[in-house]
Asker: 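Have a look at this one before I ask anything.
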Amino acid sequence: IEQERLTIETFGDKDESLAGLYNNLGMVGRRYGKTQENSILYYKKSIDILGNIYGFEHTALAYTYCNLGSAYAKLSPTDINASIDMFMKALELCGDDFYDSHLIATIYNNLGYIYRNQHLYDLSLNHYLKAYKLWDKLGKQKVRYLASVYNNIGVVYRKLDNYELALENYIKALRIWENHYGYFHPNVASVYFNMALLYEESADYAKAVENYEHSYKIRCVILEENHFDTIISKTRLDNAVLLEKGSKLLSELDDDTNF
């Protein structure tokens, strides 16, 4: 509030500096606030100021529309359409010759996530692949984001029961994240967990157990044993162990009935 007052006193209430401050306040609220309403309010204030300076169809507004879309996505399921509208508006403002392909890739990735949660897997995959192509061109400077989209593509392929392509993308994500962050990192735990789900669904329980163990081990170290994600990993691990034992027992019974 004090920074807002000082900025208005120094530059006035229609200056680009104030728009930047509102955008930053929106980002802080989106990441650390309990609700998204204040973030949305700040982003809209930023858009109003920038729109009055540059015009409401100027590319300068694309970043804030993208942030606004993310805030709506976190608000509630009923605001998903508003989120999509904001992301699509940001893409429209970027146009074909926009210089920041990272922003465009981020928008495609966010849309892919939304469509995946709506079970629109083909549409989700289409947007993830668009994000992948852009981040792949950026090379090493965006390699962390490339790993994220590999993981996301893997999730969609698993939902489509294409386990081979899902695993291929998970492994690519795992290699990048382990190389970039090391073994004990939340993203590494997540991709091990995703691979375990894949193996469990394809009835390869031994590999499911192996990957759940990795996920559980990492989360115990970085999140502690009583964290929700750690508990989920342990629960799935215990279930996979039982499935593996049951599978072995059934196999032995089958062997006993052969003449």
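If you're wondering where the values come from, they're calculated on a predicted model, not measured in any experiment.
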Asker: Which residues satisfy the salt bridge (charged side-chain N to carboxylate O under 4.0 Å, His left out) test with E244, sequence neighbours excluded?
Answerer: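 For E244 the salt bridge (charged side-chain N to carboxylate O under 4.0 Å, His left out) partners, ignoring immediate neighbours, are K248.
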Asker: Can you list everything that forms a side-chain hydrogen bond (donor to acceptor under 3.5 Å, both in side chains) with E178? Sequence neighbours excluded, please.
Answerer: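 In terms of side-chain hydrogen bond (donor to acceptor under 3.5 Å, both in side chains), with neighbours along the sequence ignored, E178 is linked to Y192.
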Asker: In chain order, what residues pass the side-chain contact (heavy atoms from CB on, under 4.5 Å) check against K89, with sequence neighbours excluded?
Answerer: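 Counting only residues at least two positions away or on another chain, K89 forms a side-chain contact (heavy atoms from CB on, under 4.5 Å) with E57, Y65, E92, L93.
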Asker: Output all residues satisfying ring-ring contact (aromatic ring centres under 6.0 Å, His included) with Y199, sequence neighbours left out; order by chain, then residue number.
Answerer: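 Once residues adjacent in sequence are excluded, Y199 has no partner under the ring-ring contact (aromatic ring centres under 6.0 Å, His included) criterion.
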Asker: Examine L18 and I40 and state if one hydrophobic cluster contains both, with Ile, Leu, Val, Met, Phe, Trp and Tyr joined whenever side-chain heavy atoms are less than 4.5 Å apart.
Answerer: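 Yes, because L18 and I40 connect within a single hydrophobic cluster, where side-chain heavy atoms sit under 4.5 Å apart.
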Asker: Just to verify, what does K217 make a salt bridge (charged side-chain N to carboxylate O under 4.0 Å, His left out) with, not counting sequence neighbours?
Answerer: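 Applying salt bridge (charged side-chain N to carboxylate O under 4.0 Å, His left out) to K217 gives none.
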Asker: So do the side chains of Y43 and M86 get within less than 4.5 Å of each other, counting heavy atoms only?
Answerer: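 No; the side chains remain at least 4.5 Å from each other.
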Asker: When the side chains of residues 118-126 are checked against the rest of the protein, which donor-acceptor pairs come out under 3.5 Å, sequence neighbours left out?
Answerer:
| residue | atom | partner | partner atom | Å |
| --- | --- | --- | --- | --- |
| H119 | ND1 | Y121 | OH | 2.8 |
| S124 | OG | G112 | O | 2.7 |

Asker: CD of E225: more than 12 outside heavy atoms within 6.0 angstrom?
Answerer: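 Result for CD/E225: open.
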Asker: Rounded to the nearest 0.5 Å, how far apart are CE of M195 and OH of Y163?
Answerer: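 Atom-to-atom, M195:CE and Y163:OH are 15.5 Å apart.
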Asker: Nearest 0.5 Å, what's the CG-CG distance between N211 and L198?
Answerer: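 One gets 9.0 Å once the value is rounded to the nearest 0.5 Å.
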Asker: Among the clusters formed by ILVMFWY side chains lying less than 4.5 Å apart, do L197 and L160 turn up in the same one?
Answerer: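 L197 does not cluster with L160.
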Asker: Measure the spacing between CG of L61 and SG of C94 and express it to the nearest 0.5 Å.
Answerer: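 L61 atom CG to C94 atom SG measures 11.0 Å (nearest 0.5 Å).
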Asker: Identify, with sequence neighbours excluded, every residue that meets ring-ring contact (aromatic ring centres under 6.0 Å, His included) alongside H180.
Answerer: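 By the ring-ring contact (aromatic ring centres under 6.0 Å, His included) rule, H180 matches no residue at all.
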Asker: side-chain contact (heavy atoms from CB on, under 4.5 Å), that's the test. Do N110 and S83 meet it? Break it down for me.
Answerer: CA-CA 10 Å; N110 291 345; S83 176; over 6 Å; no
Asker: Treat each ILVMFWY residue as a node, draw an edge where side-chain heavy atoms are under 4.5 Å apart, and state whether Y181 and I171 are in one component.
Answerer: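 Yes; I171 is reachable from Y181 via cluster members.
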Asker: Please verify the inter-ring angle class for W135 with H102; under 30° counts as parallel, over 60° as perpendicular, anything in between as tilted.
Answerer: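 Plane angle between 30° and 60°, so tilted.
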Asker: Would you be so kind as to tabulate the donor-acceptor pairs closer than 3.5 Å made by side chains of residues 226-237, with sequence neighbours excluded?
Answerer:
| residue | atom | partner | partner atom | Å |
| --- | --- | --- | --- | --- |
| H227 | ND1 | D229 | N | 3.0 |
| T230 | OG1 | R219 | O | 3.3 |
| T230 | OG1 | E224 | O | 2.8 |
| S233 | OG | S215 | OG | 2.8 |
| S233 | OG | R219 | NH1 | 2.7 |
| S233 | OG | D229 | O | 3.4 |
| K234 | NZ | D238 | OD1 | 2.9 |
| K234 | NZ | D238 | OD2 | 2.9 |
| T235 | OG1 | I231 | O | 2.8 |
| R236 | NE | Y212 | OH | 3.4 |
| R236 | NH2 | E200 | OE1 | 3.2 |
| R236 | NH2 | E200 | OE2 | 3.1 |

Asker: To the nearest 0.5 Å, tell me how far S70 OG sits from I107 CD1.
Answerer: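 Answer for the OG-CD1 pair, S70 versus I107, is 9.0 Å.
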Asker: Starting at OG of S17, measure out to CG of L21 and round the result to the nearest 0.5 Å.
Answerer: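 S17 OG to L21 CG: 9.0 Å, rounded to 0.5 Å.
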Asker: In chain order, what residues pass the ring-ring contact (aromatic ring centres under 6.0 Å, His included) check against F87, with sequence neighbours excluded?
Answerer: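 Here no residue qualifies.
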Asker: Atom NZ of residue position K44 - does it have more than 12 heavy atoms of other residues, nucleotides or ligands inside 6.0 Å?
Answerer: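 Counting neighbours around NZ of K44, 12 or fewer heavy atoms of other residues, nucleotides or ligands fall under 6.0 Å, so no.
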Asker: Output the distance between atom CG (N239) and atom OH (Y205), rounded to the nearest 0.5 Å.
Answerer: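 These two atoms lie 9.0 Å from each other.
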Asker: Please list, chain by chain and in numerical order, all residues satisfying ring-ring contact (aromatic ring centres under 6.0 Å, His included) with Y115, sequence neighbours excluded.
Answerer: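 So Y115 forms a ring-ring contact (aromatic ring centres under 6.0 Å, His included) with H127.
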Asker: V221: which residues meet the side-chain contact (heavy atoms from CB on, under 4.5 Å) condition with it, sequence neighbours left out?
Answerer: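 Once residues adjacent in sequence are excluded, the partners of V221 under the side-chain contact (heavy atoms from CB on, under 4.5 Å) criterion are F184.
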Asker: Flag yes if L41 and Y22 sit in one hydrophobic cluster, no otherwise; membership is Ile, Leu, Val, Met, Phe, Trp, Tyr, and two members link when side-chain heavy atoms are under 4.5 Å apart.
Answerer: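 Different clusters.
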Asker: If you count the non-hydrogen atoms of other residues, nucleotides and ligands that lie under 6.0 Å from NZ in K207, is the total more than 12?
Answerer: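 Open: at most 12 neighbouring heavy atoms sit under 6.0 Å from NZ of K207.
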Asker: Can you tell me if D100 and Y63 form a side-chain donor-acceptor pair at under 3.5 Å?
Answerer: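 Their side chains do contain a donor-acceptor pair, which is all the 3.5 Å distance test asks for.
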Asker: I'd like to check H58 versus L50 (side-chain heavy atoms, cut-off strictly below 4.5 Å). Are they in contact?
Answerer: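 No. Closest side-chain heavy atoms not under 4.5 Å.
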Asker: Tell me every residue that passes side-chain contact (heavy atoms from CB on, under 4.5 Å) with D136, counting only those two or more places apart in sequence or in another chain.
Answerer: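 For D136, the residues satisfying side-chain contact (heavy atoms from CB on, under 4.5 Å) (neighbours in sequence not counted) are Y132, L146.
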Asker: Check for me, please, whether V149 and L103 land in the same ILVMFWY cluster - side-chain distances under 4.5 Å, paths through other members count.
Answerer: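 Hydrophobic grouping puts V149 apart from L103.
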Asker: Using every non-hydrogen atom in the two residues, find where A71 and S39 come nearest and quote the distance to one decimal.
Answerer: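 Between these two residues, the closest heavy atoms are CB-CB, 4.4 Å.
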